[in-house]
Amino acid sequence: MHLTSPLPKISVSVKAAVVRDEAVLLLSYDDDAGFHYNLPGGKAQTGEGLRQAVRRKVRQETGLAVIPERLLCVVEYVPAAWQGEFGDIQKVQFNFLARAVGDATPRMPDPPDPIQVGFEWVPLDRLGDVYLLPRINKPLLAALHGELDDPFVDKW
């Protein structure tokens, strides 16, 4: 009898780089990691396509309707490789370029996220200077400019 080990549980999430007027929309948080930024997004649901998850999560978190345009990069987190810095669940995150539909203004989520403190449009030329989690500032900026050679990011 051939025994196989169970498949690992891997969290699948999506993030959106919503770019407008040479700036990217970042959500700001203050939690155990300190003050930092994230791209809008979150976990995909069972049976949900990745582009559908981008649309749902960005609308939930910002009120914006977006169109996911292209995949920018895929970020992998393996807890053992990072001494569990971001928890003990293995994660894969798909980062998309997304275009906002219309000229709506972002808003805070409802119900509120207790650790989110705001959002801001960060100029692309300042993206390298902010504390973004995961720490993908350089590959994200390269991907936005169409200059990322390897879209698979496993080193933060």
Side-chain angles (χ1 to χ4, degrees), residues 4-29 31 33 36-82 85-116 118-122 124 127 130 132-156:
T4 59
S5 57
L7 292 175
K9 293 187 184 212
I10 299 174
S11 173
V12 175
S13 64
V14 296
K15 296 286 182 171
V18 181
V19 177
R20 181 186 282 169
D21 300 325
E22 293 299 307
V24 63
L25 180 63
L26 297 181
L27 308 182
S28 55
Y29 294 88
D31 61 13
H36 64 278
Y37 293 96
N38 290 119
L39 293 167
K43 291 181 183 174
Q45 296 175 342
T46 301
E48 181 178 45
L50 296 178
R51 283 187 168 92
Q52 181 182 3
V54 168
R55 289 189 294 270
R56 177 180 58 80
K57 289 305 298 179
V58 172
R59 184 179 291 275
Q60 282 178 349
E61 293 189 345
T62 70
L64 298 178
V66 298
I67 297 171
E69 293 191 332
R70 68 179 168 96
L71 183 64
L72 295 169
C73 60
V74 176
V75 179
E76 176 185 58
Y77 169 73
V78 178
W82 295 96
E85 181 179 0
F86 298 105
D88 59 358
I89 297 173
Q90 186 167 341
K91 303 169 187 172
V92 64
Q93 173 182 298
F94 295 85
N95 296 273
F96 287 85
L97 173 64
R99 178 174 42 87
V101 177
D103 60 355
T105 301
R107 53 126 179 98
M108 294 291 282
D110 185 22
D113 181 334
I115 63 170
Q116 185 180 349
F119 56 84
E120 65 184 272
W121 292 98
V122 174
L124 292 178
L127 184 58
V130 301
L132 179 66
L133 291 180
R135 295 181 291 264
I136 60 167
N137 306 54
K138 287 181 183 179
L140 177 62
L141 195 53
L144 286 168
H145 287 117
E147 301 168 353
L148 186 62
D149 293 329
D150 183 359
F152 181 67
V153 179
D154 62 349
K155 294 178 177 65
W156 297 5

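For clarity, every value in this text was computed on a predicted model and none was experimentally measured.
The side-chain heavy atoms of Lys15 and Asn38, taken from C-beta on, include a pair separated by under 4.5 Å. Considering only heavy atoms from C-beta on, Leu140 comes within 4.5 Å of Leu39 through its side chain. A 4.5 Å side-chain heavy-atom check between Phe96 and Val66 finds every atom pair outside the cut-off. Within the 4.5 Å cutoff, the side chain of Pro106 has heavy atoms near those of the Trp121 side chain. Using a 4.5 Å heavy-atom cutoff, the side chains of Phe94 and Val54 are not in contact. Side-chain contact between Glu76 and Gln90 is present, with heavy atoms from C-beta onward closer than 4.5 Å. Side-chain contact check for Arg55 versus Pro68: some heavy-atom pair is nearer than 4.5 Å. Leu97 places a side-chain heavy atom less than 4.5 Å from the side chain of Val19.
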For side chain to side chain contact (heavy atoms under 4.5 Å, CB included), just list the numbers for Lys91 and Ser13, CA-CA rounded to whole Å, side-chain angles, deciding distance to a tenth of an Å, and then say yes or no.
CA-CA 8 Å; Lys91 303 169 187 172; Ser13 64; 5.8 Å; no

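Looking only at distances, no side-chain donor or acceptor of Asn95 sits under 3.5 Å from a matching main-chain atom of Ala17.
Between Lys57 and Glu48, none of the side-chain N atoms (NZ, or NE/NH1/NH2) sits under 4.0 Å from a carboxylate O, so this pair counts as no salt bridge.
Side-chain contact, Glu120 with Tyr37: a donor N or O sits under 3.5 Å from an acceptor N or O.
Under the side chain to side chain contact (heavy atoms under 4.5 Å, CB included) test applied with His36, the options Leu132, Asp31, Leu27 reduce to a single match, Asp31.
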